[in-house]
Peer 1: 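One structure is given below, represented as structure tokens, and several questions about it will come after.
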There are 2 protein chains.
Amino acid sequence: MDFSDYVPSVSVDCVVFGFHQNQLKVLMLKLKHLNLWALPGGFIENNQSATIAADKVLKDRTGLEGIYQQQFHVFTDPERSQTSHIEQLISNDVLDKDVLGWFKNRFISIGYYALVEYSKVNKPEPDFLSEKCQWVSLDELPELMLDHEEIIKRAYVRLNQDLYQKPVGINLLPEKFTMPELQALYETILQKKIDRRNFRRKILSLNIIIDTKEKRMGSNNRAPIVYKFDKTKYHQVLKEGYHINLF
Amino acid sequence: MDFSDYVPSVSVDCVVFGFHQNQLKVLMLKLKHLNLWALPGGFIENNQSATIAADKVLKDRTGLEGIYQQQFHVFTDPERSQTSHIEQLISNDVLDKDVLGWFKNRFISIGYYALVEYSKVNKPEPDFLSEKCQWVSLDELPELMLDHEEIIKRAYVRLNQDLYQKPVGINLLPEKFTMPELQALYETILQKKIDRRNFRRKILSLNIIIDTKEKRMGSNNRAPIVYKFDKTKYHQVLKEGYHINLF
DNA sequence: TACTATTGTGTAATAATGACACAATAGGAT
DNA sequence: ATCCTATTGTGTCATTATTACACAATAGTA
């Protein structure tokens, strides 16, 4: 295994959020033969930007390209670099012992959060350290490697804040969705109940969703209207941000 | 010059904002014998976090400790690493040519913005590359090294956004200040005029400033009330953020 | 004492928000 | 068919926040 084409000391970690069954999920890797989980991550090639490196991580794990990503924090605590899990992987013959030299370095990790439509990820792929790649509920996290729990917490805080400045639905929901589904997403992320009618009014006032004139049938109650995002207006709003009042 | 105690590939750059004469200023360094300016920056020692490294940069340039700092972005474009300015400094005998090896590396730079009370910075100190350290108006930036102009722009955008989520006055204004002064600060950062009376109402409703019962005398008009921040409430609001409405 | 410049204070019209009630309807039960 | 259930679509009213103003107060100066 050759690490010489990577930028030293720097890594990238991705917190991939998905929304399923009214829960926020994170894509996680289970280390081979260990009861320890990790975030999808990687290193930066010498001629790559970190964004491109994160794109590659996302592509490799989810199979999808062009996933929405947002750099949110860099983790630089010198104590965050530990190698006990690598040493265990080596003693389990998962890794060759000559990789230890690379991992013994201190790493500063650039955190990205990514938003992806849950159902689009058909086959999450583990990497060379892991035996499983799967969705885990944000509120049922298993034991995590290094500071990955802190990274997830911070990603979530940032996602929460970002929700007040820009829309996120287009990345987390399928192309067509109903108002109750959109509301469930917001309630899940914000962790609070929102009045149905006030939510609708607010969302519609943003002018970023369009009534498709379809209805979502199949439930034994009034069928909700199916909406889709107005991509033009959505991206316009995303770029400008909400100018939520101060003055 | 020995760089062996620094983390490879990673640097720190600080955008230090100050407020003076109704203008937002940035602390800049002028490279020795060159007509080129740079942000205060540095490297991370092997046992330091980036935050501590930024603290040191801020201390070394301003003489002040405990300056408010906020990590805002990491700059990772592989094209951002250039050495032409270093080579010029070497050919001008400012630097020894054996430093070139270190600077030839690609650097990923962690951007911090810092807020400081302008008048507290008595004697800005240049570093080993520079002959001057001084305040420069944000809208009159000289020619800057590398991608430092982009770094400043992004810092400013972030400061702008942050203003909608948390108060900033305590870091940029002197301990005692008047309502018109606070308003001028907001108008400068947001680059828009705010109605005097509405501004006052909004600020007072946050409950983070206290009437000192003093007046600022000396001008031939009605003397404005002198306020100070209620540090307890200020930091409480800072921590929680404004929960500016969405729902 | 009057004048100037600017500050402190108040108020009315408009818009946004929060807290509700009721009609509409898809699917299933009778 | 008709009724029932669960849930959605729509509307309304009281309250609060915002916008756009007018006028009185006052420190210094003429």
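It should be emphasised that the depicted structure is a prediction, and the values quoted were computed from it without experimental measurement. Throughout, a chain's letter reflects where its sequence line sits, starting with A, and its residues are numbered from 1.
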Peer 1: What integer distance in Å separates A:Asn198:CG from C:dA21:P?
Peer 2: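 The answer, rounded to whole Å, is 13 Å.
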Peer 1: Which one, C:dA21, C:dA19, C:dT9, comes nearest to the side chain of B:Arg196?
Peer 2: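 In terms of side-chain proximity for B:Arg196, the closest of C:dA21, C:dA19, C:dT9 is C:dT9.
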Peer 1: Let me know the distance between OH of B:Tyr227 and P of C:dT7, rounded to the nearest Å.
Peer 2: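 Value for this atom pair: 12 Å.
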Peer 1: Could you state the CZ-P distance from A:Arg197 to D:dC13, rounded to the nearest angstrom?
Peer 2: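 Distance check: A:Arg197 CZ to D:dC13 P gives 15 Å.
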Peer 1: Would you say a side-chain N or O of B:Lys202 is under 4.0 Å from OP1 or OP2 of D:dT18?
Peer 2: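 Checking D:dT18 against B:Lys202, a side-chain N or O does come within under 4.0 Å of OP1 or OP2.
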Peer 1: What does nucleotides 25-30 of chain C look like as a protein-contact string, B for base, S for sugar-phosphate only, - for none, at under 4.0 angstrom between heavy atoms?
Peer 2: BBS---
Peer 1: If I take atom CG in residue A:Leu206 and atom P in nucleotide C:dA16, what distance separates them, rounded to the nearest angstrom?
Peer 2: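 Those two atoms, CG and P, are 12 Å apart.
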Peer 1: May I have the distance from A:Arg201 (atom CZ) to D:dT12 (atom P), rounded to whole angstrom?
Peer 2: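 Those two atoms, CZ and P, are 12 Å apart.
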Peer 1: Just how far, in rounded Å, is C1' of D:dA17 from CZ of B:Phe199?
Peer 2: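 Checked: the CZ to C1' distance equals 17 Å.
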Peer 1: Looking at A:Leu27 and A:Cys133, what are the two nearest heavy atoms and their distance?
Peer 2: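 What the structure gives for the nearest pair is CG-SG, 3.9 Å.
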Peer 1: Hey, does the side chain of A:Ser137 reach the backbone of A:Asp139 with a donor-acceptor pair shorter than 3.5 angstrom?
Peer 2: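 Answer holds: no.
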Peer 1: Do A:Asp162 and A:Gln70 pass the side-chain hydrogen bond (donor to acceptor under 3.5 Å, both in side chains) test, and can you show the C-alpha distance, the side-chain angles, and the key distance before you say yes or no?
Peer 2: CA-CA 10 Å; A:Asp162 285 353; A:Gln70 173 71 54; 5.3 Å; no
Peer 1: Would you call A:Lys123 and A:Glu125 a salt bridge, taking side-chain N to carboxylate O under 4.0 Å as the test?
Peer 2: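 Yes, charged N to carboxylate O under 4.0 Å.
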Peer 1: Between A:Gln165 and A:Gln161, is the side-chain hydrogen bond (donor to acceptor under 3.5 Å, both in side chains) condition met? List the steps.
Peer 2: CA-CA 7 Å; A:Gln165 302 202 326; A:Gln161 288 173 359; over 6 Å; no
Peer 1: Please walk me through it: do A:Lys30 and A:Glu131 pass salt bridge (Lys or Arg N to Asp or Glu O under 4.0 Å)?
Peer 2: CA-CA 6 Å; A:Lys30 182 180 173 299; A:Glu131 61 191 20; 2.5 Å; yes
Peer 1: CG of B:Asp195 versus P of D:dA22: gap in Å, rounded?
Peer 2: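 That distance rounds to 11 Å.
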Peer 1: Let me know the distance between CD1 of B:Ile194 and P of D:dT18, rounded to the nearest Å.
Peer 2: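 Going from B:Ile194 (CD1) to D:dT18 (P), I get 13 Å.
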